[in-house]
Amino acid sequence: MKAILFLAFTFCLWAPAAAQTALKCPEFTPKTRTLKISRMQPLRRGKEWLEGSPKSVNAVSCDLYGMKTEEAEYDGKNLVLKNSYAYKEKAEARALCENLKSEEKLTTTFSDEAQSSLDDFCRKYRKKDFGVVQVYDASPSQGRETSRKPVRQIFRLYSKSGFTSEEHAFDPLMNLESVTLYAFDKANNLTEMTVNDFEGRQLRRETYTWNKATNSRTHSVYGETNELRKRIIFEMREDGTLRREVRSTYDSGEQPVARNEIYGDAKGRPKKELVYDADAAEPKYEYTYSYKYDAKGNWTEERRSRVIVYNGNRMQDTQYAPEITKRELMYY
């Protein structure tokens, strides 16, 4: 399988068009076989908050390369979606395009107007090095696995260094949905990602920069008209752990809406968070984080609790339900 650059930080999972990052499992040591993340609905008992029952669950299965093989989402106990992923490279990927040509010969009414976007891709890039990710609806209602057809196919072109340079996503009817373009520096670090629609219009653009002087990294997100909508600055310690993370969001006129400052502990995990309105000097809220860990040193429960600051004294807000996230990990 071709090498795929994994961002060292946990960004939000974007829409399916941003497939290169969405297809990658979170990185853990040791490697994970499965990961289940549950957002809990806290239940109050006296002055304590119990974890309660899951209100949403995301579960993924991962291969040895760290790529998703299956993913499921639940709203409470109700299955919202379940997808499986099949990866094809080289000969297998080319065979998909060859099958399109075989179907063309069997169709007597075939014309240029009847050709799909996928036909155009195969014709244009038939001599290029590419791979394919086929996404299947794996919910029980879809019947046997052998009879299922892809609900999305992502054709990936590779650079000379083996990294994904373009992703072309197609719907079940083989119509082009989006094209994602990736740019890298000389050291093969990702510097830019642009998502365009089927007509080439920009949907989103993201940039990644590194400042050696301040030992910081910046991830910026721009909208359809190239307006700044989000910026995340990661300030690192000398040992590479996260010291502070600053998340800023902006409106359509690039005016600040909110800012969150997250301070990491000695291992880079969130320890304290300050929440600001727009460009206010004083925080509106303050949160603290606490964790439980498994034998491998990865956290299995995270609690984000709100803190009250009054006359210089800080105390936990017992009236505000903490945000509780649980993780179940199975390792290789």
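- Shown here for A93 and G131, the closest heavy-atom pair between the two residues is CB-CA, 4.0 Å.
- Residues E166 and R156 are not paired through a salt bridge, judged by the lack of any N-O separation under 4.0 Å between the basic side chain and the carboxylate.
- Judged as a salt bridge (charged side-chain N to carboxylate O under 4.0 Å, His left out), the pairs with a partner in residues 268-279 (not counting sequence neighbours) are, in order, D265-R269, E273-R304, D277-K284.
- Rounded to the nearest 0.5 Å, atoms CE (M330) and SG (C62) are 11.5 Å apart.
- Summarising the geometry, atom CZ belonging to R244 is positioned 10.0 Å from atom OG belonging to S216; distances are rounded to the nearest 0.5 Å.
- In this structure the side chain of Y208 never reaches within 4.5 angstrom of the side chain of T191, judged on heavy atoms.
- Under 3.5 Å, the side chains of Y331 and D294 contain a donor-acceptor pair of N or O atoms.
- The pair R45-E48 does not meet the salt-bridge criterion, since no charged nitrogen lies less than 4.0 angstrom from a carboxylate oxygen.
- Here Y222 is tied into one hydrophobic group with L228, Y250, each link being a pair of ILVMFWY side chains closer than 4.5 Å.
- Heavy atoms only, all atoms of each residue included: A86 and Y136 are closest at CB-CE1, 4.0 Å.
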**Message:** Run the side-chain contact (heavy atoms from CB on, under 4.5 Å) test on Q153 and L96 for me, step by step, so that the C-alpha distance in whole Å, both residues' side-chain angles and the decisive distance to 0.1 Å come before the verdict.
**Reply:** CA-CA 11 Å; Q153 298 191 81; L96 292 176; 4.1 Å; yes
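- By the 4.0 Å N-to-carboxylate-O rule, R303 lies too far from E323 to be salt-bridged with it.
- Comment: E70 does not engage K68 in a salt bridge, judged by the lack of any side-chain N to carboxylate O separation of less than 4.0 angstrom.
- A salt bridge does not link E71 with K82: every distance from a Lys NZ or Arg NE/NH1/NH2 to an Asp or Glu carboxylate oxygen is 4.0 Å or more.
- Checked for salt-bridge contact, R94 and E92 miss the test: no charged N lies under 4.0 Å from a carboxylate O.
- In this structure, R327 does not pair ionically with E301, as no charged nitrogen and carboxylate oxygen lie closer than 4.0 Å.
- Taking a 6.0 Å sphere around CD of E282, one finds it holds 12 or fewer heavy atoms contributed by other residues, nucleotides or ligands.
- Here the side chains of M236 and R243 are not in contact, with every heavy-atom distance at 4.5 Å or above.
- Taking every heavy atom of both residues into account, N83 and D137 meet most closely at OD1-CA, 3.9 Å.
- Side-chain contact annotation: R44 with Q319, donor-acceptor N/O pair under 3.5 Å present.
- Ring orientation note: the planes of Y291 and W299 are tilted relative to one another, at an angle of 30° to 60°.
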**Request:** Just do the side-chain contact (heavy atoms from CB on, under 4.5 Å) check on L23 and V133 with the steps written out, would you?
**Result:** CA-CA 9 Å; L23 293 171; V133 183; 3.8 Å; yes
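- Side-chain contact check for Y332 versus T32: every heavy-atom pair is 4.5 Å or farther apart.
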**Item:** Worked verdict on I324 versus E302 for side-chain contact (heavy atoms from CB on, under 4.5 Å)
**Value:** CA-CA 6 Å; I324 303 175; E302 176 192 77; over 6 Å; no
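- Residues that satisfy the side-chain contact (heavy atoms from CB on, under 4.5 Å) test with K55, not counting sequence neighbours, are R39, Q41.
- With rounding to the nearest 0.5 Å, the separation of CG in N196 from CZ in R204 is 10.5 Å.
- No side-chain donor from either of S248 and R231 sits under 3.5 Å from a side-chain acceptor of the other.
- A donor-acceptor contact closer than 3.5 angstrom links the side chains of Y158 and E89.
- Between the side chains of S161 and S159, no donor N or O sits under 3.5 Å from an acceptor N or O.
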**Prompt:** Stepwise, does the side chain to side chain donor-acceptor pair (under 3.5 Å) test hold for N226 with R205?
**Reply:** CA-CA 7 Å; N226 239 18; R205 184 173 69 90; 3.0 Å; yes
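- Residues W49 and Y320 share a closest heavy-atom pair of NE1-O, 3.7 Å.
- Aromatic pair F155/F121: centroids less than 6.0 angstrom apart.
- Classification of the Y85-Y87 ring pair by plane angle, with boundaries at 30° and 60°, yields parallel.
- The aromatic rings of F170 and H168 lie parallel to each other, their planes meeting at an angle below 30°, with 60° marking the opposite boundary.
- V60 and M67 are members of different hydrophobic clusters when ILVMFWY side chains are connected at heavy-atom separations under 4.5 Å.
- When all heavy atoms are compared, the tightest approach of G223 to R229 is N-CG, 3.9 Å.
- One finds no salt bridge joining E328 and K326 here, because no Lys/Arg side-chain nitrogen approaches an Asp/Glu carboxylate oxygen to under 4.0 Å.
- The OH atom of Y74 lies 10.0 Å from the CG atom of N58; values are rounded to the nearest 0.5 Å.
- Between N215 and W210 the shortest heavy-atom distance is OD1-CH2, 3.0 Å.
- Between E245 and R217 there is no salt bridge, since none of the side-chain N atoms of the basic residue sits less than 4.0 Å from a carboxylate O of the acidic one.
- Distance CE/M40 to OG/S56: 9.5 Å, rounded to 0.5 Å.
- Note that the CZ atom of F198 and the CG atom of D171 stand 10.5 Å from one another [nearest 0.5 Å].
- Between Q202 and E224, the side chains place no donor N or O within less than 3.5 Å of an acceptor N or O (distance only, hydrogens not considered).
- At a cut-off of 3.5 Å, with distance as the only test, no side-chain donor of D120 or S117 sits close to an acceptor on the other residue.
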**Message:** Could you walk me through whether Y182 and E167 satisfy the side chain to side chain donor-acceptor pair (under 3.5 Å) test, starting with their C-alpha distance in whole Å, then the side-chain angles of each, then the deciding distance to 0.1 Å, before giving a yes or no?
**Reply:** CA-CA 9 Å; Y182 299 90; E167 289 178 334; 2.8 Å; yes
